[in-house]
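Here is the structure we will look at, set down as structure tokens.
Computed from a predicted structure; not experimentally measured. Below, chain A is the first sequence line, B the second, and so on; all start at residue 1.
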Number of protein chains: 2
Amino acid sequence: MPMIGNKSRGHNSTSQALRTLLILCCLLQCHSRPHSYDSKPLSEISREVSKYSDIAQQIINLAVYGKAQKRSYERLAEFTDTIGNRVSGSKNLDLAIKYMYNALRQDGLENVHLEPVKIPHWVRGEESAVMLLPRIHTLAILGLGSSVGTPPAGIEAEVIVVDSFEELKKRASEAKGKIVVYNQPFVSYGETVAYRASGASEAAKVGAVASLIRSVTPFSINSPHTGWQWYEPGVVQIPTACITIEDAQMMARMARRGQRIVVRLTMAAQTLPDVDSFNTVAEITGSEHPEQVVLLSGHLDSWDVGQGAMDDGGGVAISWEALSVIRDLGLRPKRTLRTVLWSAEEPGGVGAAQYFQQHKANISNFDLVMESDLGTFSPLGLQFTGSDKARAIMKEVMKLLAAINVTSLEEHGEGTDINMWMKAGVPGASLHTADQRYFWFHHSDGDTMSVQNPEEMNLCSAVWAVVAYVVADLEEMLPR
Amino acid sequence: MPMIGNKSRGHNSTSQALRTLLILCCLLQCHSRPHSYDSKPLSEISREVSKYSDIAQQIINLAVYGKAQKRSYERLAEFTDTIGNRVSGSKNLDLAIKYMYNALRQDGLENVHLEPVKIPHWVRGEESAVMLLPRIHTLAILGLGSSVGTPPAGIEAEVIVVDSFEELKKRASEAKGKIVVYNQPFVSYGETVAYRASGASEAAKVGAVASLIRSVTPFSINSPHTGWQWYEPGVVQIPTACITIEDAQMMARMARRGQRIVVRLTMAAQTLPDVDSFNTVAEITGSEHPEQVVLLSGHLDSWDVGQGAMDDGGGVAISWEALSVIRDLGLRPKRTLRTVLWSAEEPGGVGAAQYFQQHKANISNFDLVMESDLGTFSPLGLQFTGSDKARAIMKEVMKLLAAINVTSLEEHGEGTDINMWMKAGVPGASLHTADQRYFWFHHSDGDTMSVQNPEEMNLCSAVWAVVAYVVADLEEMLPR
């Protein structure tokens, strides 16, 4: 592929030599003293953080009220309108990476480069499902990522409708040769997604020939919501797709009435060999500890429906915008700000996992890892994972956002693409926004720019920039 | 068609002779005295109405808390699950009429019969739209009812995006040979539906070759919302369809960026000759003034998407249920309660217009016309059209519903299928429910049983039954 970043091209340059020198100096410095925040009283750190109130206000003024306002929205709109959706392995994802690489360079960010990864290449192909009995009705479906296809003529079989895995187990003897329809209620994404993730293998274990899950969403306008699924090793792989809440509920009513339901499912889905892709990186290099990193991120791939504007175009846009705002203000923190736009999050954080493997040797230099992948609606605060001391410091940082009323620091930051770092002890933060409707659009054709709001994105960008800049500029890294 | 009601078959029977006699007696009685409510003080009428509080409570108890609860929901679910949607002129509408005729008879209602009407027969056919420039993107569309089709290869043309009719007029010179995309904002259904109703003719007047309207809804998950449209006589008929909010907004953004947009629209839509259909009628015959009528109604046809469970399955179900509840309680009001399930409301109240022509000679015997076609969600009250005195009486009637907190009597009852009666002076009432989301599902694949709630339908049925029964049983007809 023709995408080669200036990181590679810069290897032999003077700037590279300078960077190496800086890194060496810093390594010496690091070895010469412990992380002093471990012993420093919070009152002192609090005083240090509070000195950033002017800078925080400058960032807010520029991002929310100044000439940068609406920029993240406009960038995202132009990006998603131009590229459309971009599923792992697709030509569109290649185009998206190229687009973003060029855009980050044109924006004048530093060290813009691509880091190679291998990613899954699952293709949906033609797919359809028709209920043949008790009456003919076309089902709106989306095959689930990694599903095998059906024979070309499809699979025609009687349906068994269950509300839960427990019911399936109880009625296991009825499932052989049938299509299992899961009509599981939506409890929460975290809980209910189990039906999408492992519904096919659980159905296969009791002899089913295919499975259809009710889309994992609390609300629907007959909208199917796709997503990745995982076959359990050693279990027969059967085709699986999502159907709508409406159709799942209708089939459940029919089954309760004792009606025989027959569905024909046809899917041309197939998994092709993994393909080459890239995590896309841009930086503002740190002035004093360039080897130390505050990482901001979102994922560039999406599902192959809608525009991927929410999942995760918004996270991409604000992780770019934060750097632009800091650069516009002529700021350069002590540590490096690094924006990473992950490849192939949807198949299970594939690009990020390889990034972790590629960079984990350097883990002691990762100060804070940040991810926005839960929507860029009106920001509420950060979900944070870290030590008590680190949390206490982050609470001080959040106070800098009082002017836009985003001071909440919640428990349990999590995110597919940063979990590995957090598990290994690096403090992590996820953006938490007023995302009541997030799963209404998630992985559906409704994930478009129409769900984004420029003012809300301004606020998210401000939060992202203030937190990243201040943490990257403090005297010390966050304690672990 | 094999559907012949017991009205026809009863023409030579003894009961028919008895009915004729009753009608003659009543006609004499009517001529012998004026409507005494015109002169009777409200306090007296109020006392009369308040005597129905026990009966109202019996109705509420049965419909909301007793063995009839959930019946309207279950009936509607079985009906719509069995038949599916039923657009004017379709075989499904025939099946629906047959189904309902049989169901009303099996329910033991009186004078169940079908009254012939002629209705439009528009067929959608295969349809699709693809944006070819600036990138290839499939548009989710639904052709609008009565639209002509395109040539088989489709119409491929550049797009002009406008936000309003005013903008179209200003930019008329740009529209020639193009596809007009209306990206009108949703203000209210009443106001915004003008773009659906006459967008095609307005576009044709400035030389456009087709028109696409942004769906008339305040909310979307990339969902197109169809509906009838009307060609202006003497104006070239061009094909027209709705697109989603998301796609209309995207094309508007692209146009603002100066991008050239090209769309290919392919529609096999055609209008076939009108077909025979029926309004479906069931009654509880009045004990004293059987020729006088309180009419309850909903329409049996729907759009050819979703299940038509909300528009207007709910109205049908509660207009049936109200009679069942009254019959279950062994009640028989002085006047006749007549449920009419209209045919072909969606093409513009076609079945109801013919009913008016067929029955208007008898208009003086129409006491109150009721229509439920705005959803059967949690009931708020009635929208009422009538004289001040009639309104004052209706307010007293509504007090009987205090136990379920549905006492509101609002201004301006309206409804496609009862407007002609109201314009001719007959008091009219429409059910008003908490319908904030009505237009989210309206005329889309989201109009299914999943939007219905059994408890809410219980309440609607109770309102419908109490109002209809009490008005039909008062000493006098409502004053005009």
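Only the side chain of A:Arg437 has a heavy atom closer than 4.5 Å to any heavy atom of chain B. In this structure, no portion of B:Thr244 lies under 4.5 Å from any heavy atom of chain A. With a threshold of 4.5 angstrom between heavy atoms, A:Ser220 approaches chain B through N, CA, C or O but not through any side-chain atom. B:Glu78 touches chain A through backbone and side chain together, each having a heavy atom under 4.5 Å away. Heavy atoms closer than 4.5 Å to chain A are found in both the backbone and the side chain of B:Glu246. Proximity to chain A (any heavy atom under 4.5 Å) is shown, for B:Ile136, by neither the backbone nor the side chain.
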ask   = A:Asp81 and B:Arg135: salt bridge (charged side-chain N to carboxylate O under 4.0 Å, His left out), yes or no, with the steps?
value = CA-CA 9 Å; A:Asp81 288 348; B:Arg135 70 174 162 95; 5.3 Å; no

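Heavy atoms only, all atoms of each residue included: B:Asp445 and A:Asn222 are closest at O-CB, 3.4 Å.
Atom CD1 of A:Ile221 is separated from atom OG of B:Ser450 by 12.0 Å, given to the nearest 0.5 angstrom.
Crowding of B:Glu126 atom CD: a count of heavy atoms from other residues, nucleotides or ligands under 6.0 Å not exceeding 12.
Taking chain B as the reference chain and counting heavy-atom pairs below 4.5 Å, the highest number among A:Ser223, A:Ala140, A:Ala77, A:Ser444 is found for A:Ala77. Here B:Ile83 is the residue among B:Thr80, B:Ile245, B:Ile83 with the most heavy-atom pairs under 4.5 Å with chain A. Heavy-atom pairs under 4.5 Å with chain B were tallied for A:Met250, A:Arg253, A:Gln249, A:His137; the largest tally goes to A:Arg253.
Ring planes of A:Phe441 and B:Phe219: tilted class, angle from 30 to 60°.
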